[in-house]
Every structure is written in C-alpha cells, then in structure tokens.
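Everything on this sheet refers to the single structure shown next.
Heavy-atom basis, side chains included; hydrogens, waters and symmetry copies ignored. One-based numbering, in listed order, for ligands and for the atoms of each.
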Amino acid sequence: MDLTLTPQEEAFREELRAWLADNRPGPEPESDEAAFEFRREWQRRLAADGWAGLAWPEDYGGRGATLVEQAIFNEEMATARAPEVANVLGLVMGGPVVIAHGTEEQKERYLGPILSADEIWCQGFSEPESGSDLASLKTKAVKSDGGWVVTGQKVWTTLAHRSKWCMLVARSNPDAPKHQGLTYFLMDMDQDAVQVRPLVQITGEPEFNELFIEGAYIPDENVVGGVGNGWAVAITTLMHERAGLAFGLQVALKIALGELITLIREHGLEGDPVLRQRLGQLYIESEALRMNAWRGLTQIMKTGVPGPEGSLAKWQWSDINQALTEFAMDVRGPEAPRTDSDWTYRFLRARANSIEGGTTEILKNIVAERVLGLPRMR
Ligand SMILES: Cc1cc2nc3c(=O)[nH]c(=O)nc-3n(C[C@H](O)[C@H](O)[C@H](O)COP(=O)(O)OP(=O)(O)OC[C@H]3O[C@@H](n4cnc5c(N)ncnc54)[C@H](O)[C@@H]3O)c2cc1C
C-alpha cells in the first residue's frame, strides 16, 4: 500500500477543490421537499461538469476516474460538507449495475437520466421475511406476453416515494434452487399496481417505504443480466454499495470528532480525564478506519472489483459513529433529549447504521469467512 499521491492525483484534487470553491452549494433548506430539490439541483451541477458518475466510463457520461481519484473525491466532498446527491442509489448502484450487466439499449436508455437526476432510482431487495437472507425472497415474477407480471411486498425501500425506477429482485423460477431462481428487473414505479407507503423512522423522517406490488408489468427488455441470473447481478449492486463508502465516511467522522471536541469545550468538560480517554479511543478507531479504507482500495486495485474488505469498513464506521453520537448525548447531559439539536438527530439516525446496507452481524460473517478465511458457519 503506497499512500503517496502521484502528480496527476494531486492535480485532480486541486481541480476539484477549485470547482468546489466556485460552486458552493450553500445551506440545505429545512423542509423535506425543498431539501430534495436542492439535492437534485446540486447533482445537476455536478453532472454538468462531469463530477456525477465519477467512476463511470467516459463513453457513458462519466469521468473514468481511478479508484484513488474516487477516494480523493469522497474525501473532498466530505471535507467541503457538500450535500448528498438526489439520486444516490442510481449513481452508486443502478448505473454501475447497468454498465456491468446491461445491454447497449439499456445503457443508452437509463444512464443519462441517472446522472442528471431526472429519474430517481430505488432498491427493491428487502422483504418483510427476507433481509439478511436475501435469497429467500418471495416476490414472484410470472412470465406473460412480452414481459413479466410481478406480485409481492418489499420493505425499507429508501427513496421509493421519489423514484421512477426500482432495482427489483424477484423469484422468476419457484422450482430452481433459491439462489438460481431469481431475476433482476428494472420496474417502472409509475403504475397503479405499485403502491408506495411511507415508513416514518425514529428521526421523524419518512426516508424509506413499504412497496405493495399487485400484478405490476415489467417488459422483457427491463431484465438486467438475463433471466435466472438475479443473484449475481444483486451481488454486484451490494459490492458497489459498500466499496466507495469508506473514504467519505472516515472524513465525515473526523469532522464530527472536531465538532464533538467543540461541544465538550462548550460544556467546560475538556479537563475530564475519562472523557479525554474516550475521545482518544474514538480518534484511534477512526484512524484505523482510514487505514482500512486504504487497504480495501489496494485490494480493489489488485483484483479489479470491490471485495469483501468494504464490509469491514462499513462495520467499523457504524460502530464508531454510534459511539460518537452516544458520547455527544452524554456530554449534553440533561439537555440531550431535546429534539431541536442536530446532535439528537445524528444520535437517532445512527441507530440505523448497523442495519442499513447489511447488518453488523452479517458483515462480521463476511469478514470472518472471506477476509480472514475462517470456516463457513453453514
Ligand atoms: C435506513 C435503512 C435504509 C434501508 N434501505 C433499503 C433499501 O433501499 N432497499 C432495500 O432493499 N433494503 C433497505 N434496507 C433494509 C436493510 O437492507 C435490511 O434491514 C437489512 O439487510 C437487515 O434485514 P432485516 O431488517 O430483515 O433483518 P434480519 O435479516 O431479520 O436480521 C435480524 C437480526 O438477526 C441478525 N442475523 C440475521 N441473519 C444472521 C446470521 N446469518 N448470522 C448472524 N446474525 C444474523 C441480524 O444481524 C439482525 O440483528 C434499509 C434499512 C435501513 C435501516
């Protein structure tokens, strides 16, 4: 692992910093609706200057950035506290999956509107009875004239209420072994057979939804990667979900640590040896995360595809972020439960960190079996 940047990588960082200096997005509006439009506008600006599909090949509207450049990008965005993009699932998962497994027609049809955030994407994987054990999912797709009729229920579908397309995994062959009977579809959300009901989180936000699918129609041309190949395509999606995360997250943690120190000082607790010890421990852990992010990157550079190391970083990050936000609540003492503070919001939102994108227990299994090479449990 070589942590020194090349002159080209340094130039990339400088170019990005200059762009960010000229394109400061300003503060995000309060209301959900306005905040979403703000993120859409932000993504459009990024896309217009070639910063949206950073890792995508240039032929598909991306920048063809190297992995190190992507890492630099994530670091700089976090440092600048840039807003999230509106179509995060489309950019991080949908686009890469269509690029890896899609037909030329699919690439032509879908990639442009993902980049510009004109069409928002969601991920319809989890079901009430199938989360960690995704391959057991029951939503069924039955062959019909020129397409498929889909019936079932999905849950925790982030951004479904704003989405045009859903990356949907459904059981197309009930007689095949469970991993082989699945197909990956792009489902048009804009049909009466798809009902979206919001689920309000502990933070009060309706960030995700339940999907009730009662005979939705999906044409054959919206199958990605071939009928019966849904598991392999879904795994590509999940690997991309975890791969690029670590760099932005470790910078965001460092920023949050700085804010925590300010909070400790505001409460006059900076001399407390127990708090100092706890803070030091968090700092050490966030440094370890940074090093692991580089280690994961080195692995991807060797093998060409994101590997299981992304799971380690995601697990570490959720542990540290939860510990950090709990620490802030302790420092705030009796005022901690007040909901008008950003710290309370962060504390509540952090509860989901060890569940979303794969639970910590599942990530530990992946690290044990596929990073450390320990024997499989099952
Ligand atoms: C904020 C948020 C956003 C989300 N967005 C989406 C989305 O957009 N699309 C989508 O499809 N899903 C989404 N999810 C769902 C998420 O992927 C699932 O919640 C997650 O995979 C866990 O599945 P589950 O909730 O069914 O829990 P379960 O799989 O039922 O797990 C319950 C508990 O058992 C443990 N467990 C299960 N199996 C094992 C095992 N083999 N070994 C050890 N422990 C085990 C788990 O770790 C957990 O503690 C989101 C979740 C959250 C919190």
*Under 6.0 Å between the ring centres of Phe12 and Trp19?*
no
*Structural part of Ile355 in contact with ligand 1, heavy atom criterion under 4.0 angstrom*: both
*asked:* Distance to the ring centre below 6.0 angstrom and angle to the axis at most 45 degrees; does that hold for Lys143 and Trp148?
replied: yes
*When you look at Asn353 and Glu356, which way does the side chain to side chain donor-acceptor pair (under 3.5 Å) test go after all the steps?*
CA-CA 6 Å; Asn353 295 162; Glu356 59 195 325; 3.0 Å; yes
*Should Gln123 be counted as touching ligand 1, given the test is an N or O pair under 3.5 Å?*
yes
*Can you list the atoms of ligand 1 that are under 4.0 Å from a heavy atom of Thr158?*
3 (C), 4 (C), 5 (N), 6 (C), 7 (C), 8 (O)
*Which option out of Cys166, Ser136, Ser126 puts a heavy atom nearest to atom 15 (C) of ligand 1?*
Ser126
*asked:* Side chain, backbone, both or neither: which applies to Arg349 and ligand 1 if a contact is any heavy-atom pair less than 4.0 Å apart?
replied: side chain
*Numbered atoms and elements of ligand 1 in range of Ile362, under 4.0 angstrom, heavy atoms*: 38 (N), 39 (C), 40 (C), 41 (N)
*Output yes when the distance from some N or O of ligand 1 to some N or O of Trp156 is under 3.5 Å, and no in every other case.*
yes
*Purely on distance, is any nitrogen or oxygen of Glu361 under 3.5 Å from one on ligand 1?*
yes
*Could you tell me whether Arg45 atom CZ has more than 12 heavy atoms of other residues or ligands within 6.0 Å of it?*
yes
*Please report the shortest heavy-atom distance between Leu20 and Trp42, naming the atom on each side.*
CD2-CH2, 4.0 Å
*Give yes if a backbone or side-chain nitrogen or oxygen of Thr359 is under 3.5 Å from a nitrogen or oxygen of ligand 1, and no if not.*
yes
*Would you indicate which of Gly131, Ser163, Ser132 comes nearest to atom 28 (P) of ligand 1 when only heavy atoms are counted?*
Ser132
_Hphob cluster co-occupancy, Leu275 + Trp343, side-chain heavy atoms under 4.5 angstrom_ = yes
*Check Asn365 against ligand 1 and report side chain, backbone, both or neither, counting heavy atoms closer than 4.0 Å.*
side chain
_Does the plane of the ring in Phe208 sit parallel, tilted or perpendicular to the ring in Trp156? Use 30° and 60° as the thresholds._
tilted
*Student check: side-chain heavy atoms of Met189 and Trp165 closer than 4.5 Å*: no
*asked:* Checking the N or O distance criterion of under 3.5 Å, is ligand 1 in contact with Phe125?
replied: yes
